[in-house]
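In this chain, residues are counted from 1 in sequence order. None of these values were measured; they are calculated from a predicted model. Counting starts at 1 for both ligands and their atoms, in listed order.
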Amino acid sequence: MLIVIIICTLLYLILNIQHNNLERTLKEAGKNHNLFIGTAVNGEVLDKDEDYANLIKNEFSLITPENEMKFSVIHPDVDKFDFSESDKIVKFALENDIKVRGHTLVWNKRIPEWLEKGNYSKEEMEHILKNHIFTVMEHYKGQIYAWDVVNEAFNNDGSLKDSIWLRTIGPEYIKKSFEWAKEADPNALLFYNDYSAEVINDKSNAIYKMIEQFKKEGTPIDGIGFQFHTSLHQKFTQKELIKNMKRFSEIGVKVNITELDVKLSDTVASSKVKYEKQANQYSVVLKSCLKIDNDCTSFGMWGLTDKYTWLKDDSPLIFNEEFEKKPSYDALISILTKK
Ligand code: XIL
């Protein structure tokens, strides 16, 4: 009898060790939940820092070019498209079995001078935007898992944000962009992406109304991206996040976390306490996403290491500057591996 108990215990331990080994990275652990684990990638760093590239290969299943697909980079002149930087990132992703989130086709920022100062008519602007969407999406046809088609189109009060697109084409530029995107690459998932819309508020209400209308009239849209640039000062509960995410899932769109980072800001506390609070914020977002059944399909962060981030002084990511795991990393992997 004793022998049987010993053998069973040993077997249990061996199987458990093997199981935990299989899930020792975020991307492996994410598979338990059909969840892609994403990060923004800086192409220049990817070229020169092997540790950075290796960490991405090991830990992430989806990447977003941080700046390389933005309008002024990819379409620098009226008749000129430049895919050199973005191609490198897409190639890296495909070689390593990583999905790509295209970011972004239509935004009020990163507008090149030729466009800003071009004084184009409504018809000309429609032509330019349609041509932009078709050229970029066809270049990457079949290689991009999801596109942030339109980025940050609303103000926090729910009105439409001023942009060259709104001024020239009018509010219907959003709907048209989604229609053109669907035509250009019917298999890519099409997302609307924004910040400060994570809980129910004027902005998320306006986005909700727009998507509800799209669904009614048959305008193609597959998902909403919540950017989640957040900080330790920002207070939201899991309940509030779930309530907002759920209503989007209920009208038939996927919910993705697209650009999560958590600024330490000027919180007065020891580093240990700050990192624990940061881990807690990361956990709240991940746990909320996991509660949206099959509709929260991607948990993406805006970078991986505090060495390379657009928020340099705020240590907002899950690996430190030495590429070591921070408490936020441990918190995420522990949530993902819990049965
Ligand atoms: C940021 C990049 O991280 C920076 O390198 C760049 O200087 C400015 O843009 N919302 C978005 C992203 O959708 O494209 C932004 O990325 C961050 C906010």
Side-chain angles (χ1 to χ4, degrees), residues 38-49 52 56 60 62-76 82 85-86 88-90 100-113 116 132-133 136 140 144-156 160-166 173-174 177-178 181 189-198 203-204 207 221 223-231 234 255-265 281 285 298-319 321:
T39 178
V41 168
N42 175 321
E44 218 177 290
V45 179
L46 189 66
D47 268 352
K48 63 167 202 239
D49 190 332
Y52 177 83
I56 294 170
F60 297 92
L62 181 142
I63 58 180
T64 307
E66 185 170 357
N67 291 304
E68 294 75 359
M69 288 180 171
K70 290 176 180 168
F71 205 117
S72 59
V73 182
I74 217 164
H75 195 166
D82 180 355
E85 294 307 312
S86 46
K88 282 193 225 163
I89 298 180
V90 173
V100 182
R101 169 170 225 105
H103 177 82
T104 174
L105 295 162
V106 192
W107 193 23
N108 66 315
K109 293 191 177 149
R110 293 293 170 111
I111 300 294
E113 218 179 333
E116 190 80 63
H132 178 79
I133 291 176
V136 176
Y140 290 116
I144 304 278
Y145 166 74
W147 273 103
D148 291 332
V149 178
V150 178
N151 197 37
E152 305 181 350
F154 288 90
N155 290 309
N156 287 352
L160 281 177
K161 194 180 269 176
D162 179 51
S163 73
I164 195 162
W165 310 116
L166 181 68
Y173 84 88
I174 304 181
S177 299
F178 278 92
L189 295 175
L190 308 180
F191 277 71
Y192 174 79
N193 191 47
D194 215 329
Y195 61 90
S196 297
E198 289 81 12
K203 191 184 220 175
S204 63
I207 299 169
I221 184 162
I224 171 154
F226 294 114
Q227 291 187 5
F228 267 104
H229 292 293
T230 165
S231 81
Q234 222 165 313
V255 169
N256 280 186
I257 314 302
T258 52
E259 305 184 14
L260 177 60
D261 48 20
V262 182
K263 288 195 274 187
L264 298 179
S265 302
Q281 285 251 28
V285 180
S298 166
F299 180 82
M301 291 157 270
W302 206 238
L304 53 146
T305 155
D306 290 338
K307 185 169 182 183
Y308 307 114
T309 154
W310 70 313
L311 306 169
K312 195 71 186 104
D313 301 326
D314 273 301
S315 312
L317 296 167
I318 61 171
F319 290 93
E321 295 199 21

So does G303 get a backbone contact from the side chain of T39, meaning a donor-acceptor N/O pair under 3.5 Å?
yes

Return the residue, atom name and 0.1 Å-rounded distance of the protein heavy atom closest to [atom].
{"atom": "atom 11 (C) of ligand 1", "answer": "E259 OE1, 3.0 Å"}
{"atom": "atom 7 (O) of ligand 1", "answer": "R110 NH2, 3.4 Å"}
{"atom": "atom 3 (O) of ligand 1", "answer": "E66 OE2, 2.4 Å"}
{"atom": "atom 5 (O) of ligand 1", "answer": "N67 ND2, 3.0 Å"}
{"atom": "atom 17 (C) of ligand 1", "answer": "W310 CH2, 3.6 Å"}
{"atom": "atom 1 (C) of ligand 1", "answer": "K70 NZ, 3.7 Å"}

Non-hydrogen atom of H229 closer than 4.0 Å to ligand 1:
yes

Work out whether the distance between some heavy atom of W302 and some atom of ligand 1 is less than 4.0 Å.
yes

Ion pair check, K312 and E321, cut-off under 4.0 Å
yes

Report yes if the side chains of D306 and P316 come closer than 4.5 Å at any heavy-atom pair, otherwise no.
yes

Just wondering, do T258 and F191 contact through their side chains at under 4.5 Å, heavy atoms?
no

Classify the ring geometry between H75 and H132 as parallel (under 30°), tilted (30 to 60°) or perpendicular (over 60°).
parallel

Below 4.0 angstrom from a heavy atom of [X], which ligand 1 atoms are there? Numbered from 1 as shown, please.
{"X": "W107", "result": "14 (O)"}
{"X": "H103", "result": "11 (C), 12 (C), 13 (O), 14 (O)"}
{"X": "E152", "result": "10 (N), 11 (C), 13 (O), 18 (C)"}

Under 6.0 Å from the six-membered ring centre of Y195 and within 45° of its axis: does the NZ or CZ of K203 meet both?
yes

Where on T104 is there a heavy atom closer than 4.0 Å to ligand 1, on the side chain, on the backbone, on both, or on neither?
neither

Checking heavy atoms under 4.0 Å, the part of N151 that sits near ligand 1 is side chain

Exactly one of E152, H103, R101 should register a side chain to side chain contact (heavy atoms under 4.5 Å, CB included) with N193. Which one does?
H103

Please check if any side-chain donor atom of Y52 sits under 3.5 Å from a side-chain acceptor atom of N42, or the reverse.
no

Would you say ligand 1 has an N or O under 3.5 Å from any N or O of N193?
no

Rounded to the nearest 0.5 Å, what separation is found between the CD atom of E66 and the CD atom of E259?
9.0 Å

